[in-house]
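Below is one structure, written out as structure tokens; the observations come after it.
Proteins come first, then strands; the chains are lettered A, B, ... in the order of their sequence lines, and each starts at number 1.
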There are 2 protein chains.
Amino acid sequence: MFRSSQVMNVKTLCLGALGLGDKSGYDIKKLFEAAFRHFHSATYGSIYPALNQLVRDGLIVGRIEPGAGHPERKLYCLTDAGHEALERELLAEAPTEQMRSEFMVLMFFAHLLPTERLAEILEEVRERYTETLAYLESLVDLPDHTPGTRFTVQAGIARYRATLAFLVEQAPELLREHARHRQTSENESNA
Amino acid sequence: MFRSSQVMNVKTLCLGALGLGDKSGYDIKKLFEAAFRHFHSATYGSIYPALNQLVRDGLIVGRIEPGAGHPERKLYCLTDAGHEALERELLAEAPTEQMRSEFMVLMFFAHLLPTERLAEILEEVRERYTETLAYLESLVDLPDHTPGTRFTVQAGIARYRATLAFLVEQAPELLREHARHRQTSENESNA
DNA sequence: TCGAACATGTAAAAGGTTACATGATTAC
DNA sequence: GTAATCATGTAACCTTTTACATGTTCGA
């Protein structure tokens, strides 16, 4: 059947995407890239095998759509069993939340960086957050939103805004403290 | 040498933790559990093999500390090569940020859930966020913080606060919209 | 004496990324 | 004709989780 340890694996992602309507593997990739890249991502290397696996499991069926203005594509559609499996997945225990962040890991080790490099990184991240925020804001008023998809975009905006505000506000303090801390450590190791 | 595709893998995590001072594998796990669980996590099953790998690569050395009030443990210490490797890792390109969130993936597919279940999930997540926030707030004034570690805790607080505020504010609206959307879809499929 | 926390590890399986391989169609 | 985008896939590799295995020390 369909049981896996990680709640939100590519298979579930594909089932969910097909729950929004029939799609090709390419469509699924594009959907997440467009509407969801701030929270999750998946590559073709995992999407296509996942779809074939789901076909073997009888949870989806594929049909070939001949090319008209584009190469021929395979459109997938949930079966009854697929609908049930998806519902089971989504009704299962609410996912335990963890805001994995590579940037924060780096900041955890900030004392190992030179202050100038830290300043550069903070600036780079600030720029990237600003871009992402602008992109997310452009997404809010798109049609085709379900209440849930709009919610995720707005939640992304709230989260990026807060992180950005924190960054702008706290970066100078961090840099000051960092410089002082590095100085102190240096003196200690020279003593 | 030491090159890997993912920037923040367990090996780098271990190197970074040892950059804060000599530690056992157990210590490393506890450190991240205590100070960082909102942003990252690692299990013994990856930490111990990573440490042994790092020893083989000459980036750390281990010594056995005989048990005194506890079982005997292996303390690891960065070598010069280890220090260099860690610095190289941290100085490399700033990590591209993605706020992976299982909860948000679930919300993306919210229209496939019954409204009551959605309400339950929102409430569960709200409770868990509240707990995490309280925990993070208890961490701010701990001693042993470097400017970087304090920054990550405060950033966590900022992010959880914003997400929580968004959740409390937007949940009723989401539930209302969700119920309406489900109704509409049902009518459409009956038509 | 028994459970909780301390402490280290291995092996199998799961899950995903990266690189490679291929080909169609459109716009310049 | 050629670059970009559309479109599908495989295989090797990498990393991590899960489950198992083992033993110590302390406090109730």
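Ring-plane geometry between A/Y48 and A/Y44 is classed as parallel, the angle between the planes falling under 30 degrees on a 0 to 90 degree scale with a further cut at 60. Classified by interplanar angle (parallel below 30°, tilted 30° to 60°, perpendicular above 60°), the ring pair B/F151/A/F166 is tilted. The aromatic rings of A/F36 and B/F108 sit tilted, their planes meeting at an angle between 30° and 60°.
The distance from atom CD of A/E102 to atom P of C/dT17 is 13 Å, rounded to the nearest whole Å. Distance CD (B/E65) to P (C/dA7): 8 Å, rounded to an integer number of Å. Protein atom CE of B/M8 is 18 Å distant from nucleotide atom P of C/dT17, rounded to whole Å. Rounding to whole angstrom units, CD1 of residue A/I28 and P of D/dC6 are separated by 16 Å.
In this model, the phosphate group of D/dT17 is approached by a side-chain N or O of B/T43 to a distance below 4.0 Å at OP1 or OP2. Taking side-chain N and O atoms only, B/S46 has no distance below 4.0 Å to OP1 or OP2 of D/dT15. Regarding contacts with the backbone of C/dT8, a side-chain N or O of B/Y48 is found under 4.0 angstrom from either OP1 or OP2.
In summary, B/E137 and B/R161 engage in a salt bridge, as defined by a charged side-chain N under 4.0 Å from a carboxylate O. A salt bridge is absent between B/E102 and A/R100; no separation between the charged side-chain nitrogens and carboxylate oxygens falls under 4.0 Å.
Checking D/dT8, C/dT10, C/dG9 against every side-chain atom of A/Y44, the shortest atom distance belongs to D/dT8. The A/N9 side chain lies nearest to C/dG15 when the options are C/dT17, D/dT10, C/dG15. Distances were taken from every side-chain heavy atom of B/V10 (C-beta onward) to each of C/dG16, D/dT16, D/dT10; the shortest belongs to D/dT16. Closest to the side chain of A/R73, out of D/dC6, D/dT8, C/dT10, is D/dT8.
Closest-nucleotide positions on DNA chain C for B/K30 and B/G45 were compared, and the one nearer the 5' end corresponds to B/K30.
When the salt bridge (charged side-chain N to carboxylate O under 4.0 Å, His left out) test is applied to A/E123, the partners found at least two apart in sequence or on another chain are A/R126.
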Quick one: which protein N/O atoms are closer than 3.5 Å to N/O atoms of nucleotides 23-28 of chain C? Pair and distance per line, please.
{"residue": "C/dT25", "atom": "O3'", "partner": "A/G69", "partner atom": "O", "Å": "3.4"}

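Not less than 6.0 angstrom separates the ring centroid of B/F39 from the ring centroid of A/F103.
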